[in-house]
Amino acid sequence: MTVRILLADDQPLVRSGLRVLIADHPDMEVVGEAATGSEAVRLVGDLGPDVVVMDIRMPGMDGIEATRRITAGPATTRVLVLTTFDEDDHVYGALRAGASGFVVKDMALDDILAAIRVVAAGDALIAPSVTRRLIADFVRRPGAAPERSPRPIEGITEREREVLTLVGRGRSNTEIAEDLFITVATAKSHVSRLLTKLGARDRVQLVITAYELGLVTPPR
């Protein structure tokens with residue numbers, strides 16, 4: 001299946017570079033480009049892409065508001081945020097808006113392609129190390145999830161609580177299986193049940209929930 005991609009960035013050079021990169025891979029296709037958030041929202045409605053590679057800083061409607069509108073709408077399009085990690089203070093806001101993952105602008109090109117494939121497949125963790133680094137940094141910032149003492153969560157088992165804690169630490173299914181001495185298939189099953197029980201869209205929302213519930217706290 002070909003992944004249909006919309007590129008949303010106000011810099012033509014960035015869009016052009018990504019388009020050329022993606023063109024070399026037959027399992028991906030760029031179906032449109034947007035220079036503003038409002039244009040991205042409109043094109044999602046017109047084109048129905050599988051993934052939007054979304055910059056945050058754009059004139060007019062920014063990428064966070066565009067992400068919120070896209071994920072709140074009827075389309076099944078998923079959003080992969082394009083960000084400069086060392087400068088952008090709004091990644092946590094993008095997560096809250098419904099983004100499914102990140103592309104850091106200085107990542108290797110192969111990693112950007114891998115991130116698009118991961119998000120298109122319905123997952124959210126681009127790489128556990130990247131997820132840990134990004135989320136641990138931004139939840140410390142003003143306006144992010146408050147630090148709380150761990151509290152009970154109704155409707156999930158103790159094992160599922162353990163799995164949620166590990167997801168919040170950025171652990172992959174394989175790593176969760178190793179930590180808990182269970183099979184990878186069992187780990188996937190626990191994550192799937194957590195998504196259903198907590199009404200989470202994807203693993204990124206599970207990570208946010210783990211922080212908000214106090215199961216995981218940022219490193220000091």
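Below, each value reflects all heavy atoms present in this structure, side chains not excepted, and no hydrogens, waters or symmetry copies.
- In this structure, the separation between CD1 on I22 and CD on E29 is 10.5 Å, given to the nearest 0.5 Å.
- No donor-acceptor contact under 3.5 angstrom links the side chains of S192 and S189, judged on distance only.
- T71 contributes no side-chain N or O that, together with a main-chain N or O of V79, makes up a donor-acceptor pair within less than 3.5 Å.
- Summarising the geometry of P49 relative to I5, their closest heavy-atom pair is CB-C, 4.3 Å, with the distance given to 0.1 Å.
- With a 4.5 Å cut-off on side-chain heavy atoms, E162 and L166 do not count as touching.
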side-chain contact (heavy atoms from CB on, under 4.5 Å) assessment of I56 paired with I64: CA-CA 6 Å; I56 289 182; I64 294 178; 4.2 Å; yes

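- Taking both residues in full, the closest heavy atoms of A35 and P59 are given as O-CD, 4.0 Å, listed atom of the first, atom of the second, then distance.
- Taking CD1 of I112 as the start and CG of L82 as the end, the distance is 7.0 Å to the nearest 0.5 Å.
- A distance of 6.5 Å separates CG in L47 from CZ in R4, rounded to the nearest 0.5 Å.
- Under the 4.5 Å side-chain heavy-atom criterion for grouping Ile, Leu, Val, Met, Phe, Trp and Tyr, L109 is connected to V30 within one hydrophobic cluster.
- How far CZ of R15 is from CG of L6: 10.0 Å, rounded to the nearest 0.5 Å.
- Between the side chains of R161 and T157, not a single donor N or O lies within less than 3.5 Å of an accepting N or O.
- At a threshold of 4.5 Å between non-hydrogen side-chain atoms, the residues L198 and T209 count as touching.
- The two residues A210 and G168 have their closest heavy-atom pair at CB-CA, 3.8 Å.
- Between the side chain of R19 and the main chain of G32, no donor-acceptor pair closer than 3.5 Å is present.
- A donor-acceptor pair is defined here as one N or O able to donate and one able to accept, closer than 3.5 Å; such a pair exists between the side chain of K197 and the backbone of G155.
- A 4.5 Å side-chain heavy-atom check between M28 and R117 finds at least one atom pair inside the cut-off.
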CA sep, side-chain torsions, deciding dist, call: L113, L21, side-chain contact (heavy atoms from CB on, under 4.5 Å): CA-CA 8 Å; L113 293 174; L21 170 68; 3.9 Å; yes

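- In this structure, the separation between CD on Q11 and CZ on R57 is 11.0 Å, given to the nearest 0.5 Å.
- Using a distance-only test at 3.5 Å, with no hydrogens or angles considered, no donor-acceptor pair links the side chain of E65 to the main chain of M61.
- Counting heavy atoms from C-beta outward, L195 and L206 have side chains that approach closer than 4.5 Å.
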Verdict with reasoning, R78 to D50, per salt bridge (Lys or Arg N to Asp or Glu O under 4.0 Å): CA-CA 6 Å; R78 299 169 70 82; D50 300 307; over 6 Å; no

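- Distance alone, capped at 3.5 Å, places no donor-acceptor pair between the S100 side chain and the V119 backbone.
- Side-chain contact between T183 and T186: present, with at least one pair of heavy atoms (C-beta onward) separated by less than 4.5 Å.
- Put simply, CD1 on I176 and OG1 on T165 are 10.0 Å apart, with the number rounded to the nearest 0.5 Å.
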